Amino acid sequence: MSKTDCKTYEFSKIEPNWQLFWEENKTFHAVDSDDKPKYYALDMFPYPSGAGLHIGHPEGYTASDILARYKKANGYNVLHPMGWDAFGLPAEQYAVKTGTHPAITTKTNVENFRRQIQRFGFSIDWEREINTTDPGYFRWTQWIFLQLFKHGLAFVDERPVWWCPELRAVLANEEVVDGKSEVGNHPVERRNLRQFVLRITAYADKLLKGLDGLDWPDSTKRQQTAWIGRSEGAEVNFAIDGTDQHLTVYTTRPDTLFGATYMVVAPEHPVVSSITTPGQKDAVQEYIRKSALKSDLDRTDLAKEKTGVPTGGHCINPVNGEKIPVWVADYVLVGYGTGAIMAVPAHDDRDFEFATEFDIPIRQVIESPEEDTELPFTAVGNMVNSGEYTGMASDECKRQIIEKLEATRQGKAAVNFKLRDWIFSRQRYWGEPIPIVWVSKADYDKAAAQGCGPVRDMMPDNPVTTDKEGETLYALPLPVSSLPHKLPEVENYQPSGTGESPLATIPDWLNIHFNLATGEALSQAEAKPDGDDWVSAIRETNTMPQWAGSCWYHLRYLDPKNADALVDIEKENYWGSPDFYIGGAEHAVLHLLYARFWHIFLHDIGAVTTPEPYQRLFHQGLILGEDGEKMSKSRGNVVNPDEIIDEYGADALRLYEMFLGPLDAVKPWSTKNIQGISRYLRKLWNLVVDEEGKLQSNIQDGPESPENAKLLHETIRKVTGDIETLGFNTAVSQLMILLNHLQKSESIALSTVQDYLKLLAPLAPHIAEELWARTGGGPSILDNGWPTFDESKLGAAQIKVIYQVNGKMRGEGTFPEDTAKEEILATAKAHERVQSFIEGKTIRKEIYVPGKIVNIVAN
RNA sequence: GCCCGGGUGGCGGAAUUGGUAGACGCGCUGGACUUAGGAUCCAGUGGCAGAAAUGCUGUGGGGGUUCGAGUCCCCCCUCGGGCACCA
């Protein structure tokens, strides 16, 4: 019933057999509460592309599967789910080309991915499968959006995006290469478009502080820290000469205020027009015009020389009353700080370069403790040329200057972040529609005047507005009860000519009658119903970016079919945060930052109990092609897992991916090397099973030889430790060592073989189940516990000591554990080879490291 | 430019706190079995010298600390990743 009747290692029969067994017996069905401790192993779910699975996907899936199976064997209640991040551009582009609905493409691709993944025999609870494009899923993605909207974290702004006039399309940054569209090589330009933006900056501090407690790779934490980019400094007010206005700058080095010899404002800074003198007007306008034409790439190109023009205006330095010129230059960015800086060329690389270029005075105000300081000097030191602060340490000076600025109301301590708000809308079809409608101010006020109701309940404190064709429109939420807000059918997936989503091209969907009280929506193709609450509205046509669905999927697996909440809080509380989350390092900032933002927000509004989404994170390393290059269709070095499984089996592929090298290392694939694993599995089969398919006659119930037992227990220790620390490559090699040894044994205890199979089961589950059944064990092998390490089996009563002379190995000896130091040293010195190296020399020193090494120093 | 992570046989890679460098696998060499082997088994395999025992040498390069360094410190070369005028 459970085992096959194979006489040789026929993985093509054995593997499907056990996959069926696991499915029929619900071996990996996860129950939502249990007395056992829980273990939640999570993979970054894939985008089901048309190309199918590549060899990199199963690397992470195998790792999480090993942990899931290992934990199950150790008595845990394990959850190991899988799903599909299925909204996205490729299906939409395919639709534009062929007219095939993206839902159809997605369905086909998901089926192919599922089939491919199932061939690996992962311990996945397929009853919990999720798909971000299912209405039952994305209604909750939309629900979260409405919560963000209600809490004032979603707003609308004009933001520059890449627009390609030729393609009539908005392009993502990744789709623009060297100022041309990736498709067709057409020129692109910056265009301001109305965008929904999520106020992730409101969470900058929480996102930064939360990192502390996470068990994540340091490099990933560092990347997020750098991305959030917190800096501490001061805002300083400089009076604009000849007016009662002032210009505020942000600086991290208020201690260098005495060295400020000019100021710079960004070309987009609002003060430019008023500060510019008549004589400089033309030059400044020309400069602004030119920099507006530059792409972001040009503006941030460090290699180019700095540019700028004087405005003719001046400001007064608050610390010394000095009058200094104000320039406009595009090396200052309008979006950071106040968009204006004080320039201290002696102590800032960029200002130094600019001042040198334009012959602006450079005044040193900090002296290095070392001699011969070269400017620019950007470190800390002692103040010079700084009035009352001269002689002070620059750190202390910084504190005192901030204090004084605050006391005289000329400035204040300030914190800045590099983190920008998250542009959340996409002008596309294949995404979650944003559940918002637009109404007039009068209608909005009417909605706001309601005491409660499905619309009123989700309205923010401050209205979200946008200007369209001269009219200001107000955003109202669709009621939660109307979710999921589904995509309408369209004739054509092509974007509109104005850079709006294809949804904007369907008037019957776009223009609606909207009921302010109930949130009901009806097409304007129908007659307007009676009643004061019905108003005219237009729908939001943007959709959400692909990140949306992956921001909270870790929660949905816990309760995938819940129609009343995104997750039942009891279930969420039981399963908690994934104990292990594995995926590519390319998501270090985007997905992993966005998901943290949403999760922390959900925690703040009480929707979840865990403060962070992913407690323990790991990145598997890229698997390169045989040529050592990244696998890609165009290089022709892509390895198809289906073909490898056909030829070598899933167990071989799983083991080989783990044997390739450390899990987090980038490593090249080699189809030739998988032979080693293939041989290993066949050797194992032949160790256990004879030509008739019966248990080998030298495997007998009874005690094990001390020698076999010793290596078995070394292996139990090594494999157990290696699985815990994800050292799967060395776990496999230790299993090979033990097999090589057992092969040479005349007889083997049945218990040894069974323990061996238990150790192998997480890594190569099919052959382990099959051979386990052949030894008379009842399936699943995972229900039979994990081997226990017994130190007494190691025979540690003997110690091996290495003899060195002058640090070089010259011999070795074995002693009873309690042998005295003197005896070991004497034996070592009497050793023949040791003798030949110390003969005729004077012994200077004798070192004995207990149980390890003797080193005789002689010359 | 700045911040990380690497560099060990022909190849992928092993090596607690500094303590036998090269585990395991691939490949290669020789042998056994075989009509045959791209199957299987046995032996060998860092380099140089030697029939062998063995000796010397050896973890990107150069210096240093130490009885002892792949491992620790300093300088440099190189490959990979991330950030990139954030004041």
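Not measured: the values here are computed from a predicted model.
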Subject >> Quiz item: A/Lys306 side-chain donor-acceptor pair to B/rC85 base, under 3.5 Å >> reply: yes

Subject >> Spacing of the C1' atoms in B/rG58 and B/rG7 (rounded, Å) >> reply: 16 Å

**OP:** Determine the Euclidean distance between corresponding C1' atoms of B/rG44 and B/rA52; express it in Å to zero decimal places.
**Re:** 15 Å

**OP:** Verify the contact: side-chain N or O of A/Arg679 to OP1 or OP2 of B/rG27, cut-off strictly under 4.0 Å; return yes or no.
**Re:** yes

Original post:
Does the cation-pi check pass for A/Arg810 over A/Phe837, that is, NZ or CZ under 6.0 Å from the six-membered ring centre and within 45° of its axis?
Top reply: yes

**OP:** Would you mind classifying the nucleic acid contact of A/Ile737 as base, sugar-phosphate or nothing, using non-hydrogen atoms under 4.0 angstrom?
**Re:** sugar-phosphate

Subject >> Residue A/Pro662, side-chain atoms from C-beta onward, closest of B/rC41, B/rG13, B/rG55 >> reply: B/rG13

Subject >> Exercise: identify the closest heavy-atom pair between A/Ser231 and A/Tyr250 >> reply: OG-OH, 2.7 Å

Original post:
Looking only at heavy atoms, what is the nearest atom pair of A/Leu211 and A/Lys221, with distance?
Top reply: O-NZ, 3.2 Å

Original post:
Choosing from B/rC24, B/rC56, B/rA87, which nucleotide comes nearest the side chain of A/Phe837?
Top reply: B/rC56

Subject >> Inter-nucleotide C1' distance (B/rC56, B/rC2), Å rounded >> reply: 45 Å

Subject >> For B/rU66, the Watson-Crick or wobble counterpart (both distances under 3.5 Å) >> reply: none

Subject >> Any N/O donor-acceptor pair, A/Gln804 side-chain to B/rG19 base, under 3.5 Å >> reply: yes

Original post:
What integer distance in Å separates A/Met736:CE from B/rC24:C1'?
Top reply: 6 Å

Original post:
Under 4.0 angstrom, heavy atoms only, what part of the nucleic acid is A/Thr730 near: base, sugar-phosphate, or nothing?
Top reply: sugar-phosphate

Original post:
In whole Å, what is the span from the CG atom of A/Asp349 to the C1' atom of B/rA84?
Top reply: 13 Å

Original post:
B/rG55, B/rA23, B/rC67: which one has an atom nearest the side-chain heavy atoms of A/Arg833?
Top reply: B/rG55

Subject >> N or O in side chain of A/Asn740 less than 4.0 angstrom from B/rA23 OP1/OP2 >> reply: no

Subject >> Rounded distance in Å - CD1 (A/Ile799) to C1' (B/rG19) >> reply: 14 Å

Original post:
Is A/Asn673 side chain donor-acceptor paired with the B/rC26 base, going by distance under 3.5 Å alone?
Top reply: no

Original post:
Is any side-chain nitrogen or oxygen of A/Arg810 closer than 4.0 Å to OP1 or OP2 of B/rU54?
Top reply: no

Original post:
Any side-chain heavy atom of A/Phe358 within less than 4.5 Å of one from A/Trp327?
Top reply: yes

Subject >> Selection from B/rG27, B/rG82, B/rC24 that lies nearest to any side-chain heavy atom of A/Gln223 >> reply: B/rG82

Original post:
Within the pair A/Lys808 and B/rU57, is there a side-chain N or O less than 4.0 Å away from OP1 or OP2?
Top reply: yes

**OP:** Give A/Lys683 one of three labels, base, sugar-phosphate or nothing, depending on what nucleic acid heavy atoms sit under 4.0 Å from its own.
**Re:** sugar-phosphate

Original post:
To the nearest angstrom, how far is A/Leu660 atom CG from B/rG13 atom P?
Top reply: 7 Å

**OP:** Please determine if a side-chain N or O atom of A/Tyr336 lies less than 4.0 Å away from the OP1 or OP2 oxygen of B/rA87.
**Re:** yes

Original post:
What orientation do A/Tyr756 and A/Tyr680 show, parallel under 30°, tilted 30 to 60°, or perpendicular over 60°?
Top reply: tilted

**OP:** Take atom NZ of A/Lys718 and atom C1' of B/rA14, then tell me their distance rounded to the nearest Å.
**Re:** 8 Å

Original post:
How is A/Lys418 classified with respect to the nucleic acid when contacts are heavy atoms under 4.0 Å: base, sugar-phosphate, or nothing?
Top reply: base

Original post:
Within the structure, does a side-chain N or O atom of A/Arg253 lie under 4.0 Å from either OP1 or OP2 of B/rA87?
Top reply: no

**OP:** Calculate the interatomic distance between A/Glu647 atom CD and B/rG38 atom C1'; express it in whole Å.
**Re:** 12 Å

Original post:
Taking 4.0 angstrom as the limit, do A/Glu846 and A/Lys829 come out as a salt bridge?
Top reply: yes

